[in-house]
Amino acid sequence: MIKRKIKNKNNFFWVYAVIFAIFLGIFFLKSTFSNPKKIDQDTFFEILSKGIVQKIIVQHKELVHVYIKQISILNNKKRILLEKGRLIIPSSLKYEFEIGDLQFFQIKFEKYKKKYHLDTIIDFKNQQEYTATKFFFDYGIFFILLIIFWFFIFKRIGTTGGGPGGQIFNIGKSKAKLFDENDNVKTTFKDVAGLEGAKEEVQEIVEFLKNPNKYTKLGGKIPKGALLIGPPGTGKTLLAKAVAGEAKVPFFSLSGSDFVEMFVGVGASRVRDLFEKAKERSPCIIFIDEIDAIGRSRGKSSIAGSNDERENTLNQLLTEMDGFDTNNHVIVLAATNRSDILDKALLRPGRFDRTISVDSPELNERKEIFHVHLKRLVLSKNVDIDFLARQTPGFSGADIANVCNESALIAARKNRSKIGNNDFLDAIDRIVGGLEKKNKIIKPNEKKRIAYHEAGHATVSWLLEHAAPLVKVTIIPRGKSLGSAWYLPEERQITTQEQMEDEICALLSGRSAEEIIFKSFSTGALNDLERVTKQAQSMVVIFGLNERIGNVSYYDSQGQNEFNFSKPYSEKTAQIIDEEISKIISKQYKRSKEILKKHKNELSTLAKNLLEKEVIFRNDLMKIFGERPFPDETDNILKNVENKT
Ligand code: ADP
């Protein structure tokens with residue numbers, strides 16, 4: 001890259017040097033040949049009498065150009081040579097003067113010629129001829145140079161812009177990146193872990209592309225497009241690439257925002273260009289990532305007229321998708337995580353006929369994704385994929401790929417020859433919580449409070465039936481948090497009221513530990529309180545888990561209440577909701593305090609341990625509390641991992 005840039009720079013140095021030289025040359029030529037010295041008539045006749053005037057040209061009966069024999073300008077040596085060789089004597093324009101009366105001048109000139117036996121020629125040129133030549137000499141050459149200069153400037157913009165879209169002349173061309181047989185799209189369905197449903201759907205697209213006759217023979221139409229909907233990083237691009245790799249067809253990849261440019265009409269022209277190119281390479285796949293950048297519903301823009309260009313682009317896309325018939329075998333795959341804001345016209349059959357949802361991976365899918373990404377890593381024997389998958393709820397495929405990579409970097413930093421389970425845990429901590437901040441200055445009394453707060457969480461969640469089992473507790477600050485407790489959450493499809501209440505109780509136990517030990521509160525529980533409030537609120541207004549409110553849900557899955565500022569319930573109900581939320585929270589707070597008071601000694605031992613070691617694991621808790629009173633499946637997993645380590 002760097003080398004190429006330097007080469008480019010050198011090229012331009014030469015271009016500039018040549019242009020500069022041409023300018024200099026012209027300037028020199030002009031000053032030598034076309035800038036005669038002004039003299040008066042008497043001086044002219046004096047010069048004429050010396051016999052050195054080759055010719056005079058009378059321009060438009062007014063101005064006389066005097067051409068002096070070159071020989072007389074040169075030095076003596078050259079003069080001899082030239083005279084002996086009888087060369088044609090060149091002349092150059094040296095002087096000019098104005099004549100008042102032409103007739104009078106001509107008579108005087110003829111007299112001089114006779115008197116001094118001169119061979120000086122007199123010539124007449126009309127105005128037009130004079131202007132044309134002079135004009136060219138004066139301006140034409142500059143125009144040519146200007147054009148050359150512009151040409152190079154444009155070329156330069158083109159080369160530095162990068163990519164096909166960078167060239168100013170190519171602004172209307174599509175920016176799609178093409179992967180074809182030369183690039184060897186090697187991604188196959190094997191590289192896509194999980195996503196069974198989605199894979200099945202796209203499998204059919206591969207079939208269409210590979211064997212279109214099978215479907216068209218029976219009169220069926222090949223779908224024109226499929227829309228992949230799902231959160232970021234869940235493997236939509238990967239899936240589309242796998243389709244291309246499996247079908248062994250060219251793959252045009254670009255993002256919705258690539259169409260958008262500030263110039264009017266560019267987006268539409270890029271769409272046209274993209275489809276033209278695709279038709280040339282058919283059968284092929286066009287993949288448009290983040291299609292919501294252009295596919296947002298029309299006419300909903302907040303500022304009127306601000307999105308005309310985007311609408312034009314979308315219209316063009318719709319037209320193109322309608323326009324090409326299925327025999328072209330171009331299939332458009334598009335991805336978005338905001339299907340709700342897409343224009344309905346995009347989703348109607350004949351455009352994106354299929355909607356394929358690509359969801360965040362579940363436990364088993366995460367395991368498979370780990371398998372795919374762990375293949376290329378050097379692992380120690382204690383790595384437990386099941387445990388890792390459980391430790392990463394809510395992680396997308398991209399997050400898991402990131403964890404794998406990060407763990408390798410962490411192990412390398414510690415000069416290990418193999419990556420261990422703890423490296424993965426550190427990587428997960430880092431991704432969830434941010435960087436460890438070991439140098440953060442924390443006063444001893446603050447540290448003590450943090451230790452008791454975290455010990456409170458650990459104690460209560462150890463003793464409650466439905467709280468998630470603990471993996472580790474730490475008081476090393478990380479990202480914005482000063483300490484944290486890591487759990488192994490149970491993966492479940494539905495949550496019961498008791499489970500929700502236990503979770504609230506465990507979340508509040510940090511604050512209750514502070515109250516019991518220090519008899520005061522701190523701001524350290526902000527995050528806990530936020531989560532508790534949301535949880536309690538959802539119990540009352542969403543899930544119908546409150547007796548007073550009853551089996552009512554104010555949840556709006558259509559999102560139609562987004563801009564509706566009025567509450568869907570009366571003031572009276574609002575008051576009851578508020579009361580019930582605070583009732584749930586205070587009940588659980590009381591409960592957590594009771595548990596901690598009962599186990600105050602264990603709480604203190606745990607906090608002291610934590611202050612000493614900064615990080616403590618499940619094993620340490622077991623030493624203090626003994627076995628968990630309500631062990632579940634996840635406890636066994638943790639035990640297995642510990643045995644391996
Ligand atoms: P999206 O397009 O949905 O935002 P990508 O397809 O670009 O996500 O995924 C980013 C990366 O995450 C992929 O290159 C891959 O390494 C990893 N990844 C995501 N989902 C999966 C999956 N299901 N199986 C394997 N790897 C995955």
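We count ligands from 1, going down the list as the structure has it; atoms in each ligand are counted the same way. Computed over heavy atoms, backbone and side chain alike; hydrogens, waters and symmetry mates excluded.
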Is Lys414 atom NZ crowded by more than 12 heavy atoms from other residues, nucleotides or ligands, each under 6.0 Å away?
yes

Any heavy atom of Pro232 sitting closer than 4.0 Å to ligand 1?
yes

Atom pair [atom1]/[atom2] of [X] and [Y] - distance to nearest 0.5 Å:
| X | Y | atom1 | atom2 | result |
| --- | --- | --- | --- | --- |
| Leu318 | Glu311 | CG | CD | 11.0 Å |
| Asp502 | Leu464 | CG | CG | 4.5 Å |
| Thr234 | Glu365 | OG1 | CD | 10.5 Å |
| Phe208 | Asn213 | CZ | CG | 13.0 Å |

Closest protein heavy atom (residue, atom, distance) for [atom]:
| atom | result |
| --- | --- |
| atom 6 (O) of ligand 1 | Leu238 N, 2.9 Å |
| atom 23 (N) of ligand 1 | Ala193 O, 2.8 Å |
| atom 18 (N) of ligand 1 | Gly397 C, 3.6 Å |
| atom 2 (O) of ligand 1 | Thr237 OG1, 2.5 Å |
| atom 10 (C) of ligand 1 | Ala398 CB, 3.9 Å |

For Thr313 and Gln316, test the side chains for any donor-to-acceptor distance below 3.5 angstrom and give the result as yes or no.
no

Within ligand 1, which atoms have a heavy atom of Thr234 less than 4.0 Å away?
3 (O), 8 (O), 19 (C), 20 (N)

Atoms in ligand 1 flagged as close to Leu195, the criterion being non-hydrogen separation under 4.0 Å
23 (N)

Decide whether an N or O pair under 3.5 Å exists between Gly233 and ligand 1.
yes

Before signing off on this row, confirm whether Ala401 and ligand 1 have an N or O atom pair separated by under 3.5 Å.
no

What part of Asp191, side chain, backbone, both or neither, has a heavy atom within less than 4.0 angstrom of ligand 1?
backbone

Ligand 1 contact on His373 by region, counting heavy-atom pairs under 4.0 Å
side chain

Could you go step by step and tell me if Asp429 and Lys472 meet the salt bridge (charged side-chain N to carboxylate O under 4.0 Å, His left out) rule?
CA-CA 11 Å; Asp429 286 3; Lys472 69 172 184 183; 2.5 Å; yes

Using 30° and 60° as the class boundaries, would you call the ring planes of Phe287 and Phe251 parallel, tilted or perpendicular?
parallel

